[in-house]
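In what follows, every chain begins at residue 1, and chains take the letters A, B, ... in the order their sequences are listed.
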Amino acid sequence: MTGETGPFARRVGSRVTTTAANPRATASPVRIWGLRLLPTVFVFPILASLVTGIWVGPAKPLGLIAGVALLVLAGELVRRGLDATADYDSRRFAAPPPPFRLVGALAIGLGFFFISLLSTNYGFGMSLLFAALGTGSAVATYGLDPSRAKQLDRVTSERTGVKTEQVVAAIREAERKLEDIRLHAASLANRELKGRIDRILDRAHGVLDELERDPKDLPRARRFLNVYLDGTRNVIRDYAKRQQDFAETSLAQNFTSVLGTIETVFEQQLEHLKKDEVLDLEVAIEVLETQLTKEGVG
Amino acid sequence: MPGFGLRTLLGGWVLWLIAVTLGFASLFPN
């Protein structure tokens, strides 16, 4: 989990950010540094070859620079591959990521090949061997990206009439909206409101997790999510825009209570989904609309 | 999973070994 803010931090006001800021996993950064630092080996050889290149010609520095560029590129590709795989692993449904790590491993081999062939006295055969060893050990160290799509099984899909792509699209869309909400919330000064939004985001992510786990309620829950996430986003955006004007006014209080309602409804929705039923949508939507009008914040 | 298994260490070691070998070979061609 990232971005966890404990009760103490909340009380003293240090960095009250969302606990649900980025619930999707990224790969551990430690392993990748072994690869990121690899090009530094060639810094001194490049400098030396630039000096001697004046007499011996440009092949040697060019080989080193091309090789180092490929190694840097490989580091970036492998990092992306690890991140993409962590994200893939954390999802119940996902398309396979592009083969970042395979391409990265090939870039390492090609980088070694250029350096060996153009900048050392090793011949073509040895250079090929270095390339193969480089690619091989990169694959051994960092692995390959998954190639299988994680889909709804056929039985569930047929029983519920929901397709994997619909689940993925609905979840992505909702996640985008949650990210929007998080960004708007970051500009709020009121800590109570922020705490409330944190909890709403937490619940909303909980709802998404439930839907991923059991997507049969998706068609109905999707409308709920749309109405509620759009509503929340609009309320927070409008409030953030004009917060200086009505700090300490009763309108600020109204916002807090609207967000309280939203929080409660998300909580209820989550409970309902866990019990395999969907909250009465019309009621939930009406509750929100009524309150928005009543509090004069819609 | 923060994998620092034998394969990871061995693969990383070979990568660095090749890099250092090539670095030296380009500095001292003979």
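A distance of 4.5 Å separates CD1 in Ile18(B) from CG in Leu133(A), rounded to the nearest 0.5 Å. Of the inter-residue distances, the one linking Phe112(A) atom CZ with Leu15(B) atom CG reads 5.5 Å to the nearest 0.5 angstrom. Considering CG of Leu117(A) and CG of Leu22(B), their distance stands at 11.0 Å, rounded to 0.5 Å. Atom OG of Ser26(B) sits about 11.5 Å away from atom CG of Leu118(A), to the nearest 0.5 Å.
Put simply, the side chain of Thr141(A) gets close to the backbone of Gly12(B): a donor and an acceptor are under 3.5 Å apart. The closest donor-acceptor contact from the side chain of Trp16(B) to the backbone of Gly34(A) lies under 3.5 Å.
With a 6.0 Å radius and a threshold of 12 heavy atoms from other residues, nucleotides or ligands, Arg36(A) has its CZ atom above the threshold.
Chain B forms more heavy-atom pairs under 4.5 Å with one residue of Leu38(A), Leu37(A), Val43(A) than with any other, namely Leu38(A).
Residue Phe130(A) touches chain B through both its backbone and its side chain, counting heavy-atom pairs closer than 4.5 Å. For Leu64(A), the part lying near chain B is the side chain, with the backbone staying farther off; criterion is any non-hydrogen pair under 4.5 Å. The contact between Ser119(A) and chain B is made by backbone and side chain atoms together, counting heavy-atom distances below 4.5 Å.
Of all the heavy atoms in Leu27(B) and Pro45(A), the pair that sits closest is CD2-CA, 3.9 Å. Residues Ala25(B) and Thr120(A) come closest through the heavy atom pair CB-CG2, 3.7 Å.
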